Colleague: 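Pasting in a structure now, in structure tokens, and then I'll have a few things to ask.
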Amino acid sequence: MPTGLDLLNLTPIQNTSGTPRLLKATLTAAPARTEFIPGVSTDILAYNGITPGPLIDIVEGDTVQILFVNNLSQESTIHWHGLPIPPSQDGLPMDPVPPGASKLYQFTLPPGSAATYWYHPHPHLFSAEQVFRGCAGMFIVRDPKNPIPAAIEERNIFITDLKLDSNSAIPQDSDDDVLNGREGNHLLVNGRENPKLSIRPGTSQRWRIVNATNTRYLRLSLTGHVLTWIGTDGGLFRTPVPKGEILVAPAERIEVVVTANQPPGTVATLFALPYDRKKFGPTAGPSAQIPVLTLAYTQDAAVPTTPLPSVMRPIVKFGTPVDRKQVFFQAQAAANGGLTFLVNGKVFDPTRVDLRSFANTLEEWEVTNLAGLDHPFHIHQGQFQIVSITEGNGKTSPPEFLTLKDTFVIRAGQTIRFRMIFPRRGKNVFHCHILEHETTTMMGVHEII
Ligand code: C2O
Ligand code: CU
Ligand code: CU
């Protein structure tokens, strides 16, 4: 596969409403073909024929009316990962759209929801496959009063993981993929492998990074540069945090500001550094170091650098919870010699309710990972605040700083505690976001009453 080509911009979705505050569009999931390798066609599954799917880029307060047409041969849905919207519009496995059918998803983005999100299929039994074959796209919600100076240009970095066999076809999951989660052999940014992103000396860029891989843990680091971490799943932090590296687990998002403070012509590499997520079996051990993209300074003279505000926005910390929930991720030997991953002792059943919450009640959830491996915990219906992380040896620490999250990696043996309020009634799900685990068993139904 060619590398070093220019970073592509994501293709914006076509709005047919004639007004910017209403997004009216169609997303059709269907078999398609693309040339990852020039001159060689690969069968994919895609939204509107392209992978990644169309970019949705709207403002808080906007209304979305998207007609989803399912031209796949399997049930599907579109799930709007992380968005605070009614469960009935959230594309749950309990609301499948059969092959050949369609559904209109409608919602309005509330104030305070500005952040980087993504959308992907979420049917029972087929999510992992539909995503690894190409169905996923980026979803940005903007703050009309964006605190980041306009001189700091934005770049979208949507990372997917492609596995190609020797015929340039996308193979089925292997037993190891099902057990440990699938990892590909080409990490793509906006559909290209290790593309080139240009930057003018002196300028800063705001990178919105989405980990849309089924299972890759991306420990991101940019050679010769600090990553100024400004936001995550639920949007901006209170203050920017300088970092040498940031771990982005599957389904997590980060926003960073990169400042070109080196001479014209400098070349730097954004790497995914080796990471050991404690896999089982013959593929155990840390991942290899992978170049994600190449940052190339232009030869232009440096312009003066634009500083970031020291406070980007207030975040109100949740108080004392009035209700509690407890979740265990567990593993049990399976008949095929692998493992079955369980949530509170059970495999996923879309017809059962596993946990119930009262609407508008502050809850504290405690989630313990007894299932080996790192598992990224994800819950729908918006953002939570991590309160503490307990290691397998009992040592408990608070999070480094206050953030809003919808996905959080739980390492083997760890327990995390988070607080969350569920304002919208209906059935909801929570699960591991290693999509092979979510697809098979590792999900629970959560009803908000
Ligand atoms: Cu991104 Cu329930 O999923
Ligand atoms: Cu989700
Ligand atoms: Cu998992």
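Along the sequence shown, residues are numbered consecutively beginning with 1. Ligands are counted one by one from 1 in listed order, and the atoms in each one are counted from 1 as well. Keep in mind that what you see is a predicted model, and the values were worked out from it rather than measured.
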Colleague: Between K427 and E447, does the salt bridge (Lys or Arg N to Asp or Glu O under 4.0 Å) criterion hold? Intermediate values first, please.
Modeller: CA-CA 4 Å; K427 280 186 191 162; E447 186 175 28; 5.0 Å; no
Colleague: Going through the distances and angles, do E255 and R253 end up as a salt bridge (Lys or Arg N to Asp or Glu O under 4.0 Å)?
Modeller: CA-CA 7 Å; E255 296 186 29; R253 289 84 67 205; over 6 Å; no
Colleague: For D90, which of Y105, W80, F107 qualifies under side chain to side chain contact (heavy atoms under 4.5 Å, CB included)?
Modeller: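 Only one of Y105, W80, F107 forms a side chain to side chain contact (heavy atoms under 4.5 Å, CB included) with D90, namely W80.
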Colleague: Below 2.8 Å, can you find an N, O or S atom of H122 next to the Cu ion (ligand 2)?
Modeller: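 No.
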Colleague: With a 6.0 Å cut-off on the ring centroids, do H431 and H437 count as close?
Modeller: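 Here the rings of H437 and H431 have centres that are no less than 6.0 Å from each other.
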Colleague: Just checking F237 against F401, ring centres under 6.0 Å apart?
Modeller: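 For F237 and F401, the ring centres are under 6.0 Å apart.
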Colleague: Output, in order, the C-alpha distance, side-chain angles, deciding distance and verdict of salt bridge (Lys or Arg N to Asp or Glu O under 4.0 Å) for E391 and R411.
Modeller: CA-CA 8 Å; E391 303 300 331; R411 306 217 62 182; over 6 Å; no
Colleague: For the salt bridge (charged side-chain N to carboxylate O under 4.0 Å, His left out) test, which of R356, R324, K325 pairs with E363?
Modeller: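 Looking at R356, R324, K325, the match for E363 under the salt bridge (charged side-chain N to carboxylate O under 4.0 Å, His left out) is K325.
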Colleague: The Cu ion (ligand 3): which protein N, O or S atoms are under 2.8 Å away?
Modeller: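 Sorted hits: H375 ND1, C432 SG, H437 ND1.
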Colleague: Less than 3.5 Å apart, which donor and acceptor atoms pair up between the side chains of residues 158-165 and the rest of the protein, not counting sequence neighbours?
Modeller:
unit_1	atom_1	unit_2	atom_2	d
D161	OD1	G184	N	3.1
D161	OD2	G184	N	2.7
D161	OD2	R216	NE	3.4
K163	NZ	D177	OD1	3.3
K163	NZ	D177	OD2	2.7
D165	OD1	N167	N	2.9
D165	OD1	S168	N	3.2
D165	OD1	A169	N	2.9

Colleague: What are the protein N/O/S atoms, named by residue and atom, that sit under 2.8 Å from atom 2 (Cu) of ligand 1?
Modeller: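 Result, waters dropped: H122 NE2, H380 NE2, H431 NE2.
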Colleague: Are the aromatic ring centres of H433 and W118 under 6.0 angstrom apart?
Modeller: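 So the answer is yes for these two rings.
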Colleague: Which residues pass the side-chain hydrogen bond (donor to acceptor under 3.5 Å, both in side chains) test with T77, not counting sequence neighbours?
Modeller: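 In terms of side-chain hydrogen bond (donor to acceptor under 3.5 Å, both in side chains), with neighbours along the sequence ignored, T77 is linked to no residue.
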